[in-house]
Amino acid sequence: MADVRLTTSSCPVPGVVDDLGEARAPRSAGRGRGVSHVEILQLLVSPVHRFAGRPGEGLPELPGDELVPAAEVRAGLGIVGDRYFNHPAHRNASITLMAAERIPPYEPHEGDLLRTRRNVLLRGVDIDAYIGATVFLDSGTGPVDLAVRGAARPCAWMDTTLGPGAQRALRGGGGVRCRPLTDGTLTVGPAVFGVREPGPA
């Protein structure tokens, strides 16, 4: 499992260091409002649903190789290789994003995507506040536009995978479900986040 340290405290603005040792943002993400520097901590691409049966039956196998350094996004379809890719029932919600700051801390493990089953783990933006908006993420290879369709509500499995009380703690902060509007690639590391169109007031 990747070593990811999750905290609720503020963190330095991530960036890319150039040849002169100065921080710079990834390649221009185009026009957008509310642009900020964030970090993609993890990406999960899983070909199958891991949470089947009843949570009380115990933790299922969670292969570490489902955490990947890069994910290929296709407009209207989702992430190539993921369980929701080109799935008719999930075309408006084929990519899920989550804020690391929302994950409650539990010992002996850190909360991560293997346990929450979201696709993208972000630090530096409260993604749950953008339901109804059109946003973008740019890892440096060009922006990936996402229509934030709704909340990814935490299920009872969270109490098993993260710890007792996690489902309740994640209410209102379990992440969001998005429809990808453009092709592109997301990679672990510094990224630019911005708003194309705001959600309803």
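Fair warning: this is a prediction, and the values are worked out from it, not measured in the lab.
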*Compare all side-chain heavy atoms of Met98 with those of Leu122 and state whether any distance is below 4.5 angstrom.*
no
*Please report the closest heavy-atom contact between Glu66 and Ser46, naming both atoms and the distance.*
OE2-OG, 2.9 Å
*Taking side chain to side chain contact (heavy atoms under 4.5 Å, CB included) as the test, write out the residues that go with Val188, two or more places apart.*
Leu43
_Let's go through Leu181 and Thr134 carefully: what are the C-alpha distance in whole Å and the side-chain angles of both, what is the deciding distance for side-chain contact (heavy atoms from CB on, under 4.5 Å) to 0.1 Å, and is it a yes or a no?_
CA-CA 9 Å; Leu181 304 178; Thr134 298; 3.7 Å; yes
_Minimum heavy-atom separation for Asp112 and Gln42, please, with both atom names._
CB-OE1, 3.1 Å
*Inter-residue atom distance Leu186.CG - Ile40.CD1, 0.5 Å rounding*: 5.0 Å
_Give me the atom names and distance for the closest heavy-atom approach of Ala133 to Gly199._
CB-N, 3.4 Å
*Where Arg118 and Thr96 come nearest, the two heavy atoms and their spacing*: CA-OG1, 3.2 Å
*Taking Asn92 for its side chain and Arg179 for its backbone only, find out whether a donor-acceptor pair lies under 3.5 Å.*
no
*asked:* Are Ile127 and Glu101 packed together at the side-chain level, in the sense that at least one heavy-atom pair is separated by less than 4.5 angstrom?
replied: no
_Pairing residues for Ser94 by the side chain to side chain donor-acceptor pair (under 3.5 Å) criterion, not counting sequence neighbours_ = none
*Exam field: side chain Thr182 to backbone Asp145, donor-acceptor pair closer than 3.5 Å*: yes
*Shared ILVMFWY cluster between Leu77 and Val68, side chains joined below 4.5 angstrom?*
no
*Spell out, yes or no, whether Val38 and Ile131 are grouped together once hydrophobic residues are joined by side-chain heavy atoms under 4.5 Å, including indirect joins.*
yes
_Heavy-atom pair with the smallest gap, counting every atom of Val195 and Phe136_ = N-CE2, 4.1 Å
_As an exercise, state the distance from CD1 of Ile79 to CG of Leu44, rounded to the nearest 0.5 Å._
8.5 Å
*Testing Leu137, Asp128, Val148 for side-chain contact (heavy atoms from CB on, under 4.5 Å) with Leu97, which one passes?*
Leu137
*Give, for atom CG of Leu41 and atom CG of Leu121, the distance between the pair rounded to the nearest 0.5 Å.*
5.0 Å
_Checking Arg149 now: which residues fulfil side chain to side chain donor-acceptor pair (under 3.5 Å) with it, not counting sequence neighbours?_
none
_Pair Val45-Phe85, side-chain contact (heavy atoms from CB on, under 4.5 Å): steps then yes or no_ = CA-CA 10 Å; Val45 180; Phe85 183 78; over 6 Å; no
*So how far is it from Leu146 CG to Arg177 CZ, rounded to the nearest 0.5 Å?*
14.0 Å
*Got a second to check how far Asp82's CG is from Arg74's CZ, nearest 0.5 Å?*
14.0 Å
